[in-house]
Participant: 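Got a structure here, written out as structure tokens. Questions coming.
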Amino acid sequence: MLDSRFVRNNPDIVKENLRRRHAEGADVEGFLLLEQRRLSLLKSSEEKKQERNLAAKKIGQEKQQSKQPSENKGDGFLEETAARASLKTLSQEIKQLDGQLAELNLKQDAFLQSLPNLIDESSPEGDERANVLLRQHGKLEEKTFPIKAHFELGQTQLDFKRAAKLSGARFSILKGELAMLERALANFFLEQNIQNGFTEVSPPSLVNEQSMYRSGQLPKFADDVFRLAGDFSYLYLISTAEISLVNLHADEILDRDLLPLRYTAYTNCYRSEAGAAGRDTRGLMRLHEFKKVELVSICLPEESEAEHQSMVLLAEKLLQALKLPYRVMLLASGDTGFSAKRCYDLEVWIPSEKRYREVSSCSNCGDFQCRRAKIRYRQSNGRAAYPHALNASALPLGRILIAVLENFQQADASVAVPEVLWSFMKGRKFIFKS
RNA sequence: GGAGAGAUGGCCGAGUGGUCGAAGGCGCAUGCCUGGAAAGCAUGUAUACGGGUAACCGUAUCGAGGGUUCGAAUCCCUCUCUCUCCGCCA
């Protein structure tokens with residue numbers, strides 16, 4: 001969320017940002033008018049409160065004094081009731097003003113919640129076609145045999161038919177060696193992340209509405225997430241562990257020395273894929289439920305750039321260790337996520353599709369999420385300030401399984417297990433060997 | 001699910017209608033003391049919003065929301081959360 005004062009004082013920057021993000025439609029001018037009205041109401045409400053407080057205090061003091069010696073009372077009783085009557089009117093006026101204010105505050109909040117983060121200067125302008133290729137790693141090998149898509153491998157170990165029976169489309173069942181491979185990947189990712197200074201967290205996968213707002217999923221992306229029904233309709237299924245991890249320190253003022261706080265979590269992720277009907281309908285590419293290892297870092301503003309770079313590098317190293325060909329893209333303004341200032345995508349080579357597909361978005365959100373979530377830290381001058389929040393997948397299991405199955409498949413439809421996973425695979429060097 | 005207890009500042013904890021943004025302690029910061037440190041002493045130490053170049057001023061906040069009152073941390077109602085005991089349960 002952007003600071004209301006910032007929006008008030010820099011409406012042109014906000015408008016320009018909306019244009020760059022191809023997200024026009026937010027009524028900035030309307031917001032300015034609303035703020036004008038809100039601030040004038042606020043002023044008169046506070047002035048009336050001051051008047052009321054002073055008068056009430058005076059009554060209190062007089063009462064104290066009259067208690068002590070038994071002085072003359074005179075017709076003080078009459079005066080008192082008259083004064084009280086006018087104060088009562090004042091109180092009612094205040095109540096009315098505050099009612100109107102509350103309404104405007106809600107509108108203000110709704111508008112600010114709907115504004116995306118300011119895009120970083122370094123992000124190229126345009127939609128996804130303007131994304132910039134930063135670097136590429138790994139060789140694209142020509143196989144001597146026809147490549148099979150991942151869902152044509154593994155026979156009964158990758159079972160979409162039964163998954164449909166249990167749950168419907170966009171669900172999967174992994175069995176045997178394939179399930180083990182998924183677990184091996186998860187363990188490998190987690191252990192690498194831990195070695196790189198991230199603390200493992202096992203958080204809830206169901207979070208309340210407030211958590212969804214705080215990390216930026218709501219209100220804009222209500223269609224993309226699953227929500228429980230009935231008595232538990234305040235709970236949402238997380239679409240990424242980022243939600244749980246960012247909310248860990250919501251409403252806290254952190255000791256400066258605690259930063260950076262680096263967390264990694266292995267969780268299921270749930271997405272409605274509302275806008276993706278008909279896309280990636282086969283295989284593991286786009287599911288309602290998938291598993292992912294996520295990174296989140298809360299760090300000092302002056303360190304967030306370096307932190308961003310090192311998190312991308314960490315995710316890249318995982319792909320390198322698996323020997324998967326990938327490339328790194330700097331996302332253009334129109335393709336960068338709602339909460340992010342700047343975002344790098346890691347894309348891995350998918351042989352059956354003959355193209356790179358996204359496996360990780362590494363975002364620097366600046367203070368956007370922390371302001372929303374009221375995460376602060378104590379500066380050395382004693383004042384509280386918002387730290388920066390960053391997140392990255394490292395890495396998602398489904399899409400990495402696809403990449404492993406397809407990139408390392410053999411002529412006999414078996415698949416070579418990447419060497420770094422052997423120890424997690426009870427020494428298996430191949431799976432699907434008949 | 002049944003019965004009970006509780007929620008106050010970074011932490012602990014006092015406070016049952018007025019001078020309470022809130023005693024006291026811990027922690028932290030600065031200064032004095034010291035060869036240096038500890039102890040001791042002194043001073044300071046919440047957040048948000050609005051106004052002001054600033055010093056500062058105003059308003060709000062004692063789990064959340066509502067009510068009573070001239071005035072609420074304190075009284076009333078609703079909700080949320082935490083803890084203890086019993087029952088059930090992976």
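As the structure is a prediction and not an experimental result, all values here were calculated from the model. Below, chain A is the first sequence line, B the second, and so on; all start at residue 1.
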Participant: Which whole number of Å gives the distance between the P atom of B:G63 and that of B:G50?
Facilitator: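 These two P atoms come out 25 Å apart once rounded.
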Participant: Send over the distance from A:Gln36 CD to B:G51 C1', rounded to a whole Å.
Facilitator: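 The distance from CD of A:Gln36 to C1' of B:G51 comes to 16 Å, rounded to the nearest Å.
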Participant: Mind calculating the distance between CG (A:Leu254) and C1' (B:C28) to the nearest angstrom?
Facilitator: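 Checked: the CG to C1' distance equals 16 Å.
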Participant: With rounding to whole Å, what would you report as the distance between B:G2 and B:C79 at their P atoms?
Facilitator: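 So the two P atoms sit 13 Å from each other.
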Participant: Does the plane of the ring in A:Phe338 sit parallel, tilted or perpendicular to the ring in A:Phe221? Use 30° and 60° as the thresholds.
Facilitator: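 Correct class here is perpendicular.
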Participant: Only pairs with both distances under 3.5 Å count, Watson-Crick or wobble alike; so what is the partner of B:A60 in this structure?
Facilitator: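 Base partner found: B:U47.
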Participant: If I take atom OH in residue A:Tyr377 and atom P in nucleotide B:A46, what distance separates them, rounded to the nearest angstrom?
Facilitator: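 Rounded to whole Å, this separation is 18 Å.
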Participant: Output the single nucleotide from B:A60, B:U69, B:C49 whose closest atom is nearest the side chain of A:Lys49.
Facilitator: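 Closest nucleotide to the A:Lys49 side chain: B:A60.
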Participant: Does B:A90 pair with anything, Watson-Crick or G-U wobble, both distances under 3.5 Å, and if so, with which nucleotide?
Facilitator: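 Checking every strand shown, B:A90 finds no partner, since no pair has both distances under 3.5 Å.
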Participant: How far does the P atom of B:G4 sit from the matching atom of B:U8, given to the nearest Å?
Facilitator: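 Result for the P pair: 23 Å, nearest Å.
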Participant: May I ask you to say what A:Asn53 touches in the nucleic acid, namely base, sugar-phosphate or nothing, with a heavy-atom cut-off under 4.0 Å?
Facilitator: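 It contacts sugar-phosphate atoms only.
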Participant: If pairing requires Watson-Crick or G-U wobble contacts with both distances under 3.5 Å, which nucleotide is the partner of B:A72?
Facilitator: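 Paired with B:A72, as far as the under-3.5 Å criterion goes, is no nucleotide at all.
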Participant: Provide the closest heavy-atom pair for A:Ala130 versus A:Pro124 in the form atom of the first, atom of the second, distance.
Facilitator: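 For A:Ala130 and A:Pro124, the tightest heavy-atom pair comes out as O-CG, 3.6 Å.
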Participant: Between atom NE2 of A:His388 and atom OH of A:Tyr377, what is the distance when rounded to the nearest 0.5 Å?
Facilitator: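 Result: 8.0 Å between the selected atoms.
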Participant: Return the nucleotide paired to B:G31: Watson-Crick means purine N1 to pyrimidine N3 with N6-O4 or O6-N4, wobble means G-U with N1-O2 and O6-N3, both under 3.5 Å.
Facilitator: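 Partner of B:G31: B:C41.
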Participant: Send over the distance from A:Gln61 CD to B:G17 P, rounded to a whole Å.
Facilitator: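 Nearest whole value for this atom pair: 19 Å.
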Participant: What interatomic distance, in whole Å, is found between C1' of B:C57 and the corresponding atom of B:G67?
Facilitator: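 Here B:G67 and B:C57 have their C1' atoms 32 Å from each other.
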Participant: Heavy atoms under 4.0 Å, any strand shown: does A:Lys95 hit a base, just sugar-phosphate, or nothing?
Facilitator: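 The answer is sugar-phosphate, as A:Lys95 gets under 4.0 Å only of primed atoms, P, OP1 or OP2.
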Participant: Name the nucleic acid region contacted by A:Ser91, choosing base, sugar-phosphate or nothing; use a 4.0 angstrom heavy-atom cut-off, strictly under.
Facilitator: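 The answer is sugar-phosphate, as A:Ser91 gets under 4.0 Å only of primed atoms, P, OP1 or OP2.
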Participant: Dump the intermediate steps for salt bridge (charged side-chain N to carboxylate O under 4.0 Å, His left out) on A:Asp98 and A:Lys49, then the final yes or no.
Facilitator: CA-CA 11 Å; A:Asp98 281 355; A:Lys49 280 176 186 164; 3.1 Å; yes
Participant: Test salt bridge (charged side-chain N to carboxylate O under 4.0 Å, His left out) on A:Lys426 and A:Glu177 and set out the steps.
Facilitator: CA-CA 10 Å; A:Lys426 299 193 193 299; A:Glu177 291 173 323; over 6 Å; no
Participant: What nucleotide, of B:G71, B:A48, B:C49, holds the atom closest to the side chain of A:Ala384?
Facilitator: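 Side chain of A:Ala384 sits closest to B:A48.
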Participant: Using a 4.0 Å heavy-atom cut-off across all strands, classify A:Lys43 as base, sugar-phosphate, or nothing.
Facilitator: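 Nothing, no nucleic acid heavy atom in range.
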Participant: May I ask you to verify if any side-chain N or O of A:Arg8 is less than 4.0 angstrom from the OP1 or OP2 atom of B:G50?
Facilitator: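 True: A:Arg8 side-chain N/O within range (under 4.0 Å) of B:G50 OP1/OP2.
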Participant: Find the partner of B:G36: check Watson-Crick (N1-N3 plus N6-O4 or O6-N4) and G-U wobble (N1-O2, O6-N3) distances, both under 3.5 Å, and reply none if neither fits.
Facilitator: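 When the pairing criteria are applied, nothing turns out to pair with B:G36, so the answer is none.
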Participant: How many Å lie between CG on A:Asp251 and C1' on B:G9, as a whole number?
Facilitator: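 Going from A:Asp251 (CG) to B:G9 (C1'), I get 14 Å.
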Participant: Verify the distance criterion only: is there a donor paired with an acceptor across the side chains of A:Asn131 and A:Asp345 at less than 3.5 Å?
Facilitator: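 No, because no side-chain N or O of A:Asn131 sits under 3.5 Å from a partner of the opposite role on A:Asp345.
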Participant: Whole angstrom is fine here: how far is it from CD1 in A:Ile253 over to P in B:G9?
Facilitator: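 Going from A:Ile253 (CD1) to B:G9 (P), I get 11 Å.
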Participant: 5'-most contact on RNA chain B: A:Ala55 or A:Arg52, nearest heavy atom basis?
Facilitator: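 Result: A:Arg52.
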Participant: Can you figure out which of B:U69, B:G58, B:C49 approaches the side chain of A:Lys88 most closely?
Facilitator: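 Ranking B:U69, B:G58, B:C49 by closest atom to the A:Lys88 side chain puts B:U69 first.
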Participant: Mind calculating the distance between CG (A:Leu97) and P (B:G58) to the nearest angstrom?
Facilitator: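 Distance check: A:Leu97 CG to B:G58 P gives 20 Å.
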Participant: Would you please confirm or rule out a distance under 4.0 Å between OP1 or OP2 of B:U47 and any side-chain N or O of A:Arg376?
Facilitator: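 For B:U47, OP1/OP2 do not have a side-chain N/O of A:Arg376 under 4.0 Å.
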Participant: Hey, which sits more toward the 5' end of RNA chain B by its nearest nucleotide, A:Arg378 or A:Ser4?
Facilitator: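 That would be A:Arg378.
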Participant: Between A:Lys58 and B:C70, is there a side-chain N or O to OP1/OP2 distance below 4.0 Å?
Facilitator: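 Indeed not, no polar side-chain atom of A:Lys58 lies that close.
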Participant: Taking the same atom, C1', in B:A23 and in B:U30, what whole-Å distance lies between them?
Facilitator: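 Looking at atom C1' only, B:A23 and B:U30 are 24 Å apart.
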Participant: Can you find an N or O donor on one side and an acceptor on the other, under 3.5 Å apart, linking the side chain of A:Glu46 with the base of B:G50?
Facilitator: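 No such pair is found, so the answer is no.
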Participant: Using purine N1 to pyrimidine N3 plus N6-O4 or O6-N4 for Watson-Crick, or N1-O2 and O6-N3 for G-U wobble, both under 3.5 Å, which nucleotide pairs with B:A3?
Facilitator: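 Its partner is B:U84 (Watson-Crick or G-U wobble, both distances under 3.5 Å).
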Participant: Would you compute the distance between atom CD1 of A:Ile298 and atom CG of A:Leu259 and round it to the nearest 0.5 angstrom?
Facilitator: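 Going from CD1 on A:Ile298 over to CG on A:Leu259, the span is 8.0 Å.
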Participant: Mind checking the P distance from B:G31 to B:A38? Whole angstroms is fine.
Facilitator: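 Result for the P pair: 13 Å, nearest Å.
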Participant: Using the six-membered ring wherever Trp is involved, compare the ring planes of A:His288 and A:Phe171 and label them parallel, tilted or perpendicular (cut-offs 30° and 60°).
Facilitator: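 Ring orientation of A:His288 relative to A:Phe171: tilted.
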Participant: Under 4.0 Å, counting only non-hydrogen atoms across every strand here, what does A:Arg371 touch: a base, just sugar-phosphate, or nothing?
Facilitator: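 Nothing, no nucleic acid heavy atom in range.
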Participant: A:Leu39 CG to B:C49 C1': how many Å, rounded?
Facilitator: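 So the two atoms are 9 Å apart, to the nearest Å.
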Participant: Between B:U61 and B:G65, how many Å separate the two C1' atoms, rounded to a whole number?
Facilitator: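 To the nearest whole Å, 14 Å.
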Participant: Please report the distance separating the C1' of B:A22 from the corresponding atom of B:C12, rounded so that it comes out in whole Å.
Facilitator: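 B:A22 and B:C12 have their C1' atoms separated by 15 Å.
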Participant: Under 3.5 Å for both donor-acceptor distances, Watson-Crick or wobble: does B:C11 have a partner, and if so which one?
Facilitator: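 Paired with B:C11, as far as the under-3.5 Å criterion goes, is B:G25.
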